[in-house]
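In what follows, a single structure is set out as structure tokens and then discussed.
Remember, it's a predicted structure, so these values are computed and weren't measured experimentally.
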Amino acid sequence: TVLVFVVFIISLFMLLPVIYIVSNAFKPINELFIWPPRLFPREPTLDNFISMAQIVQNSLVPATRYAFNSILVSGVGTFTYIMISSMCAYPLAKHHFSWKGIYVTVLIWALLFRPEVMGIPQYVIVSNLRITDTYLALILPALSGSFGVFMMVMFMSTIPDAMIEAARIDGAGKWRVFISIIIPYMKSVIKIAMSMAIIANFKQFPLIWVMTGGGPVNSTSTLAILSYREAFVSNNLGSGAAVTTIWMLLMIIVTFAYN
């Protein structure tokens, strides 16, 4: 009981930034800059959402384009990332070949690098491929994560070899074993990896800012870019909080839809 209470308190503490952002979306301008700041608004208002709608309406890019870009990059990136991760993990977990130990070691070392460290090399590659300012510039770098592969390798290692051998004796090839046995056995891990990838892609800001900056003419801007511009470039904190609230709500809906 004490442990449950401690976990509940920690969970509430972790939710404070989210609650504060959502609360800011409903605060009037005079409550946004008071000190000390209040967690909840005394006079809730929808002015920030109305202001956000007016700003987007007057821009060259419609509001639906920002949401579409966020869903497209997150959806395509997540699906492709899960497929690549599972196919890479299968031979590492269930096949024996030369230099396998080195591959696994490099995979573990890759977990040590922050995504920001890989920003410049990824930009150089994307630039050399001449796909900057395109959706591919946002999707391809998202496929280079190694955590999904590592997690699936660890879980696939627990699948009994006897099950795979029985399928091979019955005439199943490698692809049939992978699709009919490995993937169904991995459903729980795939859901976890998928949820983490959706959240990571949805909240991705440095990668998008480096690769396209939202251009050309905001055509590759996502809700993350719009939130940053409203809050820190235009200094409309309330409008930025409103964008972030819609962005988080959309992320939750997409995550549940994928699972």
Side-chain angles (χ1 to χ4, degrees), residues 56 61-90 107 110-111 113-116 118-153 175 178-179 182-184 186-229 243-244 246-259:
V56 174
V61 179
T64 52
R65 184 60 179 266
Y66 293 102
F68 171 78
N69 289 345
S70 296
I71 295 174
L72 176 68
V73 172
S74 179
V76 176
T78 298
F79 178 79
T80 312
Y81 173 72
I82 294 299
M83 290 301 299
I84 292 176
S85 296
S86 58
M87 288 189 290
C88 290
Y90 179 45
L107 177 65
L111 297 174
F113 294 95
R114 291 283 303 166
E116 292 80 6
M118 305 303 297
I120 294 177
Q122 288 174 347
Y123 179 78
V124 171
I125 294 172
V126 167
S127 179
N128 289 335
L129 291 174
R130 298 181 180 180
I131 57 174
T132 52
D133 291 343
T134 65
Y135 288 118
L136 281 176
L138 307 179
I139 295 173
L140 288 181
L143 308 182
S144 61
S146 58
F147 181 75
V149 181
F150 175 76
M151 184 167 59
M152 291 187 184
V153 167
W175 276 107
F178 177 72
I179 294 172
I182 301 297
I183 294 298
M186 295 281 294
K187 278 185 178 179
S188 58
V189 175
I190 288 175
K191 285 185 177 182
I192 295 172
M194 192 175 293
S195 298
M196 296 177 64
I198 290 173
I199 294 172
N201 288 329
F202 244 98
K203 71 179 185 180
Q204 184 62 260
F205 172 78
L207 176 64
I208 299 174
W209 194 256
V210 169
M211 294 299 176
T212 69
V217 198
N218 293 332
S219 60
T220 58
S221 288
T222 61
L223 292 173
I225 295 293
L226 179 61
S227 175
Y228 172 82
R229 285 175 175 164
V243 174
T244 304
I246 296 174
W247 167 32
M248 288 191 296
L249 181 62
L250 187 61
M251 180 177 63
I252 292 171
I253 293 173
V254 172
T255 302
F256 274 104
Y258 255 81
N259 284 280

(message) Restricting to side chain to side chain contact (heavy atoms under 4.5 Å, CB included), what partner residues turn up for L72, sequence neighbours left out?
(response) F68, V76, Y135

(request) Quick one: list whatever passes side chain to side chain contact (heavy atoms under 4.5 Å, CB included) with L140, sequence neighbours left out. (result) I131, L136, L143

(message) Can you give me the closest heavy-atom contact between S146 and A110, atom names plus distance?
(response) OG-CB, 3.5 Å

(request) Measure from the side-chain N and O atoms of S74 to the backbone N and O of I71, and report whether any donor-acceptor pair falls under 3.5 Å. (result) no

(message) Looking at every heavy atom in both A197 and Y81, which two are closest together, and how far apart are they?
(response) CB-CD2, 3.8 Å

(request) Could you tell me the separation between the CE atom of M83 and the SG atom of C88, rounded to the nearest 0.5 Å? (result) 11.0 Å

(message) With rounding to the nearest 0.5 angstrom, report the CH2 to CD1 distance, W247 to I252.
(response) 12.0 Å

(request) Apply ring pair (Phe, Tyr, Trp, His ring centres under 6.0 Å) to Y90 and list each qualifying residue two or more places apart in sequence or on a separate chain. (result) H95, F178

(request) Considering non-hydrogen atoms only, spot the tightest contact between P184 and I179 and give its length. (result) CD-O, 3.2 Å

(request) Please identify each residue that fulfils side chain to side chain contact (heavy atoms under 4.5 Å, CB included) with M248, with sequence neighbours left out. (result) V18, I21, V22, T244

(request) Only counting residues at least two apart or in another chain, list the ones meeting side chain to side chain contact (heavy atoms under 4.5 Å, CB included) with I82. (result) T78, M152, I190, A193, M194

(request) To the nearest 0.5 angstrom, please state how far the CE atom of M151 sits from the OG atom of S86. (result) 11.0 Å

